[in-house]
Structure formats: C-alpha cells, structure tokens
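Contents: one structure, followed by commentary.
In this chain, numbering begins with 1 at the start of the sequence shown. Quick caveat: nothing in here was measured; it's all calculated off a predicted structure. Counting starts at 1 for both ligands and their atoms, following the listed order.
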Amino acid sequence: MSYCHCRATNQQFNERSARRDLRRFERRGPDASTRQLIAAIQAYPLPPQPAVLDIGGGIGVVHHLLLEWGFGRAVQVDASAAYLAVAAAEAARRGHRERVDFQHGDFAVVAESVPMADVVTLDRVVCCDPDYRRLLDAAAAHSRHLVAFSYPRQRWPIRAFVAVVNAVQRLLGRAFRAYVHPPAAMAGVLERAGLRRRWVGGTWIWAVELFDRPV
Ligand SMILES: C[S@@+](CC[C@H](N)C(=O)[O-])C[C@H]1O[C@@H](n2cnc3c(N)ncnc32)[C@H](O)[C@@H]1O
C-alpha cells in the first residue's frame, strides 16, 4: 500500500462509519464470517493466554471477543485513526483496554515495530489493499501459530458489485478502491512463508481461511 493508498484508507474508514459499525455490532453481534473466523481460532489448540495481532481490526470485534474468551493480549494495527479511536474506547468500556496496544499505520510499512503474536488476523482487510502479497507476507512473518483471514469471493456478482463501488468512488473523487484478489495467489504467499491451510469456511460473499505453522 502506497502512502496515498494509506491516506485514502484513513479517509474511507472515518469516524462516522466507525460509529455506525459499532452500533451494528452492539445490536447484532459479529457478522457471520467474523463469527466463523473467531470460532475457527477458538477450536485450534493454542498455548495458554495467547496473543493476537489484529491487522485492520476496524472497531476491534475480533480482539474484543478473543480477549473476553481467554486471550491474554492483543495488538491492533490499523490504517484508520478513527477506527482505532473507537476500538480503544470500546476496549475501555469492556474493561480490557490495558491488554490492547493500538498502532496507526499500514501494517506492511510499520510491521518491523510490531511484535510477533500467536495468532494474526486480517478480517476483510486484504480487499482494501492493492498489494496483498506484501500485506500477507508481513502478516505471516508475525505469526507463531495461526493466520486467519477473510476475503471476498471471486464470484461475478461480487466482482461486479466491487466494480460499481469503485466507479462511484472515482465519480466522487475519492481515492479508496476495493479489490477482489485471487485466492490461490493469496494462499501461495502464506504457503511460501511456511504456513499450510488448515480450515476453510465463510459465507456466500466472504471466504474465511485458517493457516497454521507446522511444528
Ligand atoms: C473493511 S474494514 C474491516 C474491519 C474489521 N476487520 C471487520 O471485519 O469488521 C478494513 C479495515 O482494515 C484497515 N486496513 C486496510 N488496509 C490496511 C493495512 N494495509 N494496514 C492496516 N490496516 C489496514 C482499514 O483501516 C479498516 O479498518
């Protein structure tokens, strides 16, 4: 992700959309694909009190729920300052603010300053970044055990929807674009980094995959 794209992401994911996402989470809980991603992590044998690195965690749904379930610590790195602020306020409201570190930036750029974690999550994040290779490579390098991620499926209605969204963005003069990346190429990045696919699931729109590091 270039500096420009990171700035576009910061503008796209603003305070208004963060507050809307939080209200929706309060009303309905996690979306179906996020629920699956969390359940797949919970089903995997991990050391006690594991740490999660939530890349592009948005309002922090994944780490809020994993910390309440038994994770010890979390780090969220996010390109949106507004989402980080809402996630931090929600962490404080839930009583686990001191167990979460928040860092603003494009993960691929700030990765060197971020500690490794047992589990790395990227829930609906690769679709915001033109350079999925760099992002997933950096994510894999930070994972001791698992990488769990979700992405839009390559179905034609989904590709058409993304094309329309991007056309509207262009008309409105906004720089942010969404992407439907090739699943096999994304898996290839993680496999070349020494991970193997352990579980696949998802909804009609979102695929969810879990990769682990063989011992
Ligand atoms: C569609 S939202 C998903 C938020 C949350 N994970 C969820 O599923 O509800 C994408 C999030 O990823 C962040 N993001 C996108 N590209 C990123 C990158 N390269 N590094 C860090 N954060 C990124 C955005 O700022 C935004 O908060």
For this session: Please determine if R73 and D101 form a salt bridge, counting it only when a charged side-chain N lies under 4.0 Å from a carboxylate O.
Result: yes
Check your understanding: G105 near ligand 1, heavy-atom distance under 4.0 Å?
Key -> yes
Item checked: Sub-4.0 Å heavy-atom approach of G57 to ligand 1 -> yes
Next item on the list: Ignoring angles and geometry beyond distance, decide whether V125 reaches within less than 3.5 Å of ligand 1 through its nitrogen or oxygen atoms.
Entry: no
Correct closest heavy-atom pair for A82 and A18 would be O-CB, 4.2 Å
Quick check: H63 with F102 (ring centres under 6.0 Å apart)? yes
TODO: Please determine if Y83 has a nitrogen or oxygen closer than 3.5 Å to a nitrogen or oxygen of ligand 1.
DONE: no
Should the pair R197-D212 be classified as a salt bridge under the 4.0 Å nitrogen-to-oxygen rule?
-> no
Nitrogen or oxygen atoms of D123 and ligand 1 under 3.5 Å apart: yes
Charged tip of R153 within 45° of W206 ring normal and under 6.0 Å:
no
If you measure every N/O of A79 against every N/O of ligand 1, is any gap under 3.5 Å? yes
T9 near ligand 1, heavy-atom distance under 4.0 Å? yes
Flag if over 12 foreign heavy atoms under 6.0 Å of CD, E15: no
For ligand 1 and L135, I'd like to know whether there is a polar contact (N/O to N/O, distance under 3.5 Å). no
Restricting to heavy atoms, the pick from D78, D106, D54 nearest atom 26 (C) of ligand 1 would be D78
